[in-house]
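Here the structure is laid out as structure tokens; the discussion comes afterwards.
Just so it is clear, the model here is predicted, and its values are computed rather than measured. Labels below follow one simple rule: chain letters A, B, ... track the order of the sequence lines, proteins then strands, and each chain is numbered from 1.
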Protein chains: 2
Amino acid sequence: METLRERKKQRTRDALLRSALELFTTRGYEGTTVDDIADAVDVSQRTFFRYFAGKEEAALTLQEMTVAHFIELVRERPPQEAPMVALRRAVLEGWGTLNDVVEAIVPVELYLRMYRVIESTPVLLAAHLRRSDEVEEEIARVLAAREGLDVDADPRPRLAVAVFSGVMRVTGRQWSTGEDFSVEAIRELTARYLEQVGPALTGNWRRA
Amino acid sequence: METLRERKKQRTRDALLRSALELFTTRGYEGTTVDDIADAVDVSQRTFFRYFAGKEEAALTLQEMTVAHFIELVRERPPQEAPMVALRRAVLEGWGTLNDVVEAIVPVELYLRMYRVIESTPVLLAAHLRRSDEVEEEIARVLAAREGLDVDADPRPRLAVAVFSGVMRVTGRQWSTGEDFSVEAIRELTARYLEQVGPALTGNWRRA
DNA sequence: TTGTCAATTGTCAGCGGCTGTCATTAGCCT
DNA sequence: AGGCTAATGACAGCCGCTGACAATTGACAA
């Protein structure tokens with residue numbers, strides 16, 4: 001943070017983001033107008049749009065941070081690990097370091113509340129799923145590169161990532177509708193659900 | 001189609017839908033205004049919104065038809081089939097009967113063109129993925145009922161459906177970016193990709 | 001310190017999606 | 001034919017978002 005200008009900009013952006021999240025998690029996403037957010041920070045509506053491409057972007061900023069972090073973790077996985085192992089470890093490590101990533105901006109509690117707002121707001125959920133879709137493609141390319149494959153010729157990287165991503169989505173939803181919102185809870189759930197993929201696909205579900 | 005009123009309504013709706021799809025596939029989704037659509041049918045903008053909840057709904061109507069059909073096919077699968085087998089057969093049968101479902105409203109070719117518009121228009125893709133998410137939940141419940149399981153207690157139905165749905169998404173995208181837009185092409189791709197799931201998850205990708 | 005340049009912001013006008021309201025039209029039914 | 005109800009049009013207005021231009025404010029050098 002060198003110049004005064006930059007610091008001021010950063011403060012404005014932080015204030016906008018914090019006000020937006022606070023309003024979204026109390027009044028709801030649809031119940032909050034961009035004017036509300038701008039007014040809360042005492043800037044013009046136009047200024048809000050200079051910091052965020054849209055209302056959605058503000059709502060998904062925290063998610064984007066954790067997603068970027070997760071992608072980094074996948075990239076840093078030792079190349080000898082099998083793909084699914086690398087993904088699994090990256091995710092588990094990601095949950096472990098969630099606090100460090102988020103807390104620098106807002107309390108983790110706000111992140112969790114916002115997560116539920118996203119899941120329960122159709123337009124936000126849609127945007128979130130689309131972003132996840134993009135992330136899948138990115139990770140598929142990372143894995144393909146690790147394994148020396150061509151993503152367009154060999155379907156396995158995209159398939160593996162799609163499967164993994166599906167499990168993560170189911171896990172996240174189960175967690176967000178459950179009672180234990182601790183990081184431990186989702187870590188455990190993640191590990192457990194990943195183990196259930198095999199049985200879910202091959203097993204005869206009727207014999208307990 | 002009993003009364004004159006009902007027939008007129010149906011015709012208005014059909015005209016709106018066809019005009020919308022025609023415009024979307026030529027000028028693009030964002031490049032088409034609701035006023036454009038209404039003007040093409042010579043009704044007021046207000047009337048358009050009495051037939052469709054929004055621009056999105058018109059754009060996703062064909063998809064919705066095929067999805068509803070697919071769900072029906074899953075419901076009709078004999079209960080002794082293993083879950084993944086039932087899903088696989090329902091999908092393959094769905095592609096086989098695509099023509100019958102769509103052609104009653106518009107040429108299948110328009111359906112295919114619209115599919116690509118959806119994939120390439122961020123806001124439509126987002127809405128489409130969200131809808132797929134809802135469909136996953138519905139199908140998970142169908143499978144759970146078949147197998148006598150509680151979806152909230154046993155993660156396997158949701159996991160299996162999430163995996164299957166992921167594979168279908170990858171398949172659909174691959175198909176839409178390929179060269180062969182025939183139904184045979186996607187049927188074959190579907191079968192092939194489903195067979196690749198196992199290897200993608202467990203295999204060591206490096207030994208060819 | 002001051003003057004110049006550039007970056008940040010506010011204001012305003014306007015578009016497109018969408019909704020509520022109310023008057024008008026058009027099909028239905030006796 | 002005339003009354004009832006459903007469908008439509010016209011209008012006003014909210015909200016998200018953008019372009020354009022002017023005003024403000026920090027940066028930096030003379």
Counterpart residues, salt bridge (Lys or Arg N to Asp or Glu O under 4.0 Å), relative to B:Arg5 (two or more places apart):
none
With a 3.5 Å cut-off and sequence neighbours excluded, list the donor-acceptor pairs that the side chains of residues 7-16 of chain B form with protein atoms.
from, atom 1, to, atom 2, distance (Å)
B:Gln10, NE2, B:Asp14, OD1, 3.1
B:Thr12, OG1, B:Lys8, O, 2.9

Please output the side-chain donor-acceptor pairs of residues 50-57 of chain A that fall under 3.5 Å, not counting sequence neighbours, one pair per line with the distance.
from, atom 1, to, atom 2, distance (Å)
A:Lys55, NZ, A:Tyr29, O, 3.1
A:Lys55, NZ, A:Thr32, O, 2.8

Which residues pass the salt bridge (Lys or Arg N to Asp or Glu O under 4.0 Å) test with B:Asp39, not counting sequence neighbours?
none
Does either side chain, that of A:Asp36 or that of A:Thr33, offer a donor lying less than 3.5 Å from an acceptor on the other one?
yes
How would you list, by chain and number, every residue that makes a salt bridge (Lys or Arg N to Asp or Glu O under 4.0 Å) with B:Arg187, sequence neighbours excluded?
none
Could you tell me which residues satisfy side chain to side chain contact (heavy atoms under 4.5 Å, CB included) with A:Glu64, sequence neighbours excluded, listed by chain and number?
A:Arg131
By side chain to side chain contact (heavy atoms under 4.5 Å, CB included) - contacts of B:Asp42 (at least two apart)
none
Quick check on contacts: within residues 120-131 of chain A, what sits under 4.0 Å from DNA chain D by heavy-atom distance?
none
Applying ring-ring contact (aromatic ring centres under 6.0 Å, His included) as the test, list every pair that has at least one member in residues 89-135 of chain A; sequence neighbours left out.
A:Tyr115-A:Trp175
Separation of A:Arg11 atom CZ from C:dT9 atom C1', in whole Å?
15 Å
For residues 161-174 of chain B, which residue pairs qualify under salt bridge (Lys or Arg N to Asp or Glu O under 4.0 Å), counting only residues two or more places apart or in two chains?
A:Asp133-B:Arg169, A:Asp133-B:Arg173, A:Glu136-B:Arg169, B:Glu119-B:Arg173
Starting at the 5' end of nucleotides 22-27 of chain D, put B wherever the base has a protein heavy atom under 4.0 Å, S where only the sugar-phosphate does, and a dash everywhere else.
---BBS
Sub-4.0 Å heavy-atom contacts from residues 30-60 of chain A onto DNA chain D, ordered by number:
A:Thr32, A:Thr33, A:Val34, A:Gln45, A:Arg46, A:Phe49, A:Arg50, A:Ala53, A:Gly54, A:Lys55
Please give, in whole Å, the distance from C:dT9 P to A:Arg13 CZ?
13 Å
